[in-house]
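Each remark here refers to the structure printed beneath this line.
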Amino acid sequence: MKLSVWTYEGPPHVGAMRVATAMTGLHYVLHAPQGDTYADLLFTMIERRNHRPPVTYTTFQARDLGSDTAKLFRDACQAAYDRFQPQAMIVGASCTAELIQDDPGGLGEALGLPVPVIPLELPSYQRKENFGADETFLQIVRCLAKPTERTKRVSCNLIGSTALGFRHRDDITEITALLNDMGVEVNVTAPFGATPSDITRLGAAHFNVLMYPETGESACRWMERNLGQPYTRIIPIGVGATREFVNEVAALAGCAPSLDTDRLRLPWYSASVDSTYLTGKRVFLFGDGTHVAAATRIAREEMGFEVVGIGCFNREMARPIRALAKEICVEALITDDYLEVEARISDLAPELILGTQMERHIGKRLGIPCSVISAPVHVQDFPARYSPQMGIEGANVIFDTWVHPLVMGLEEHLLHMFREDPEFNDAAGPSHHAHGAKQVAEIADSTGAQIIWLDDAERELRKVPFFVRGKARRNTEAFAEARGESEISVETLYEAKAHYAR
């Protein structure tokens with residue numbers, strides 16, 4: 001039933017597809033029923049790729065369950081190798097196919113193909129997409145990466161970038177340039193853009209740069225133990241984190257830290273008069289643990305916002321997010337249920353949401369500006385332009401995408417202030433912010449009775465600035481309910497205002 005509504009993460013085989021699609025020369029044979037091929041659309045439609053993922057499905061049907069489904073899988077493996085001639089193959093089952101217990105790993109190995117066949121054991125009913133990507137990449141590295149002679153010049157691997165990642169392509173470009181400025185070469189970037197033969201060269205690097213812990217930390221830990229490669233812990237998202245990342249890399253590479261900040265524009269604006277009307281804005285953050293932790297620091301230390309709540313949907317990151325929440329004296333929300341997230345946002349009434357595509361929809365319903373900071377995302381978050389999140393240019397991009405929703409929201413407020421002007425009044429038609437959208441005028445109180453906003457009270461409420469309007473509405477409704485009133489008039493609105501002002 002959960003798949004029929006919004007989900008933050010898909011099943012783990014989608015995570016495996018993210019790794020397979022990010023690489024070249026690797027093919028994924030997925031034992032799956034007819035219908036599970038929906039996952040292709042995630043890449044071709046949302047990421048706007050010009051080719052389908054390198055996945056072969058067995059696509060068995062109900063009538064096949066009475067026959068040899070294992071033979072279907074063996075035939076699919078052989079056909080995939082004959083057609084695509086990959087350097088390596090990964091094999092596994094979707095959540096539905098897992099129930100018939102055909103053992104894709106054993107079947108694939110028994111075929112005797114002349115390339116490595118890497119089995120995936122992904123517990124579909126206990127874990128989710130990010131775990132699937134992390135575990136898949138770990139198994140690929142364990143199978144293919146071997147100790148080898150280090151490169152003559154200091155080099156590193158960039159680890160964790162996948163298909164369907166939030167701005168991963170541009171982050172790779174930004175971090176590669178940053179490392180090159182320090183004299184550090186990039187040996188291999190993986191999974192994104194890597195081939196199986198590239199994975200065999202991972203051991204040549206002196207250290208690893210962990211870009212995305214959700215999808216690369218297990219592999220980095222394995223390489224640290226087995227290949228003697230330390231890895232970075234700091235994620236270079238934001239100005240402060242980027243500076244600390246440079247120092248961390250310098251210590252690992254044995255070179256002097258170097259960071260060109262000529263392109264950095266955020267500090268200038270933060271010190272300007274124009275920024276003062278955004279200082280202290282109340283923000284709520286939700287997404288994957290890595291991006292939420294980074295965004296929390298940026299919001300508090302670099303933008304001057306007040307963080308009123310944080311949370312993440314991937315339970316693997318619950319511990320660090322709870323620790324961060326305790327440090328900044330807010331309550332952490334660890335959930336994969338968007339309704340719980342919406343309820344928390346509604347209670348906190350922030351002035352800005354920093355979240356995923358889910359929170360963008362929630363913000364539209366609640367009338368709160370939202371900027372996307374984390375996957376899951378939609379097509380608009382795979383821009384054709386260069387738009388990283390990491391490094392110096394990433395800090396500029398983050399500044400733009402966070403501030404613009406607030407600025408446009410303030411513009412909306414100004415339109416309301418001048419609502420009697422012939423150009424801006426309601427009768428002039430909707431603006432580009434959809435003034436004409438119908439607002440909810442009735443709610444149910446705790447007894448199930450309807451509380452009705454009268455037209456004059458609804459018009460008066462619209463005079464309240466957008467960033468506190470939701471709180472004013474809720475306070476007034478609570479005030480009316482406590483007095484046993486079922487209708488809210490202008491007088492009720494003013495009485496509630498006076499009550500809460502005391």
Side-chain angles (χ1 to χ4, degrees), residues 8-9 128-131 133-134 158-162 165-168 171 174-175 209-218 220-221 231-249 266 282-336 341 344-345 348 350 352-359 370-377 381 388-391 394-395 397-399 401-402:
Y8 286 97
E9 295 183 89
K128 296 191 176 181
E129 182 179 326
N130 278 318
F131 169 83
D134 187 57
L158 303 185
I159 302 298
S161 51
T162 69
F166 185 57
R167 310 291 172 80
H168 287 194
D171 285 347
E174 185 71 17
I175 297 305
V209 170
L210 176 58
M211 298 179 69
Y212 310 101
E214 277 82 0
T215 52
E217 188 166 8
S218 294
C220 280
R221 288 180 176 178
Y231 65 93
T232 58
R233 266 66 172 183
I234 298 171
I235 310 302
I237 299 178
V239 179
T242 298
R243 290 195 172 109
E244 292 176 8
F245 171 78
V246 165
N247 291 332
E248 184 182 27
V249 167
L266 185 150
R282 303 171 70 255
V283 299
F284 175 85
L285 300 95
F286 194 85
D288 70 54
T290 294
H291 284 90
V292 166
T296 298
R297 176 177 179 179
I298 296 170
R300 297 180 74 241
E301 299 179 10
E302 299 174 21
M303 303 290 280
F305 294 157
E306 178 189 354
V307 175
V308 297
I310 65 173
C312 70
F313 57 78
N314 49 332
R315 296 186 180 276
E316 295 86 355
M317 295 291 288
R319 183 172 295 178
I321 291 300
R322 285 196 177 104
L324 176 60
K326 184 177 181 180
E327 180 184 329
I328 64 175
C329 301
V330 300
E331 183 180 356
L333 177 63
I334 312 298
T335 183
D336 60 357
V341 179
R344 180 65 61 87
I345 293 173
L348 293 172
L352 175 67
I353 304 169
L354 302 174
T356 72
Q357 174 68 10
M358 311 285 214
E359 284 66 49
C370 179
S371 181
V372 173
I373 63 167
S374 161
V377 295
D381 293 303
Q389 295 291 283
M390 293 185 175
V397 170
I398 288 172
F399 172 77
T401 54
W402 291 16

### Message
Show me the pairs that pass salt bridge (charged side-chain N to carboxylate O under 4.0 Å, His left out) and involve residues 318-329, at least two apart or across chains.
### Response
none
### Message
Going by the rule ring-ring contact (aromatic ring centres under 6.0 Å, His included), which residues pair with Y8 if we only count those two or more places apart in sequence or in a different chain?
### Response
F286, F313
### Query
Would you say I235 and F245 make side-chain contact, with heavy atoms under 4.5 Å?
no
### Query
Who pairs with T242 by side-chain hydrogen bond (donor to acceptor under 3.5 Å, both in side chains), at least two apart in sequence or on another chain?
none
### Message
I'd like to check the salt bridge (Lys or Arg N to Asp or Glu O under 4.0 Å) partners of R315; sequence neighbours left out, ordered by chain and number.
### Response
none
### Query
Rounded to the nearest 0.5 Å, how far does CD of E359 lie from CD1 of I353?
7.0 Å
### Query
Would a 4.5 Å heavy-atom cut-off, applied to side chains only, mark S161 and D171 as touching?
no
### Task
Could you tell me whether the side chain of V397 reaches within less than 4.5 Å of the side chain of P388, counting heavy atoms only?
yes
### Flag side-chain contact, heavy atom, 4.5 Å: I310 against V330
yes
### Message
Run the side chain to side chain contact (heavy atoms under 4.5 Å, CB included) test on W402 and M303 for me, step by step, so that the C-alpha distance in whole Å, both residues' side-chain angles and the decisive distance to 0.1 Å come before the verdict.
### Response
CA-CA 9 Å; W402 291 16; M303 303 290 280; 4.1 Å; yes
### Task
Heavy atoms only: give me the nearest I237-A294 pair and the separation to one decimal.
CB-CB, 3.7 Å
### Task
Please examine the side chains of I334 and I321, heavy atoms only from C-beta on, and report whether any two atoms are closer than 4.5 Å.
yes
#### Entry: Donor-acceptor contact present, side-chain Q389 to main-chain I398, <3.5 Å
no
### Non-neighbouring partners of F166 that pass ring-ring contact (aromatic ring centres under 6.0 Å, His included), sequence neighbours left out
H291
### Query
For S371, which residues count as a side-chain hydrogen bond (donor to acceptor under 3.5 Å, both in side chains) partner, sequence neighbours excluded?
none
### Task
Could I get the full list of side chain to side chain contact (heavy atoms under 4.5 Å, CB included) partners for E217, not counting sequence neighbours?
L210, P213, R221, Y231
### Query
What distance separates E244 CD from I234 CD1, expressed to the nearest 0.5 Å?
5.0 Å
### Summary
Looking only at heavy atoms, the pair that brings G391 and I175 closest together is N-CD1, 4.4 Å
### Query
Can you name the residues that form a side chain to side chain contact (heavy atoms under 4.5 Å, CB included) with N314, not counting sequence neighbours?
E9, N130, E214, D288, C312, E316, M317
### Message
Before you tell me yes or no, could you show the steps for V292 and T290 under side chain to side chain contact (heavy atoms under 4.5 Å, CB included), namely the whole-Å CA-CA distance, both residues' side-chain angles and the distance that decides it to 0.1 Å?
### Response
CA-CA 6 Å; V292 166; T290 294; over 6 Å; no
### Query
Is there side-chain contact between I298 and T296, with heavy atoms separated by less than 4.5 Å?
no
### Query
Quick one: salt bridge (Lys or Arg N to Asp or Glu O under 4.0 Å) partners of E301, sequence neighbours excluded?
R297
### Query
For the side chain of E302 and the backbone of V239, is there at least one donor-acceptor N/O pair under 3.5 Å apart?
yes
### Query
Excluding sequence neighbours, so at least two apart, what forms side chain to side chain contact (heavy atoms under 4.5 Å, CB included) with R344?
F284, E331, L333, L348
#### Entry: Nearest-0.5 Å distance that lies between atom CG in L285 and atom OG in S374
10.5 Å
#### Entry: Any I328 side-chain heavy atom under 4.5 Å of R300 side chain
yes
### Query
How about V209 and I159: do any of their side-chain heavy atoms sit closer than 4.5 Å?
no
### Query
Excluding sequence neighbours, so at least two apart, what forms side chain to side chain contact (heavy atoms under 4.5 Å, CB included) with Q357?
R360, H361, H378, Q380, D381
### Query
For S218, which residues count as a side-chain hydrogen bond (donor to acceptor under 3.5 Å, both in side chains) partner, sequence neighbours excluded?
D134
#### Entry: Candidate pair V283 and V308, rule side chain to side chain contact (heavy atoms under 4.5 Å, CB included), full reasoning
CA-CA 6 Å; V283 299; V308 297; over 6 Å; no
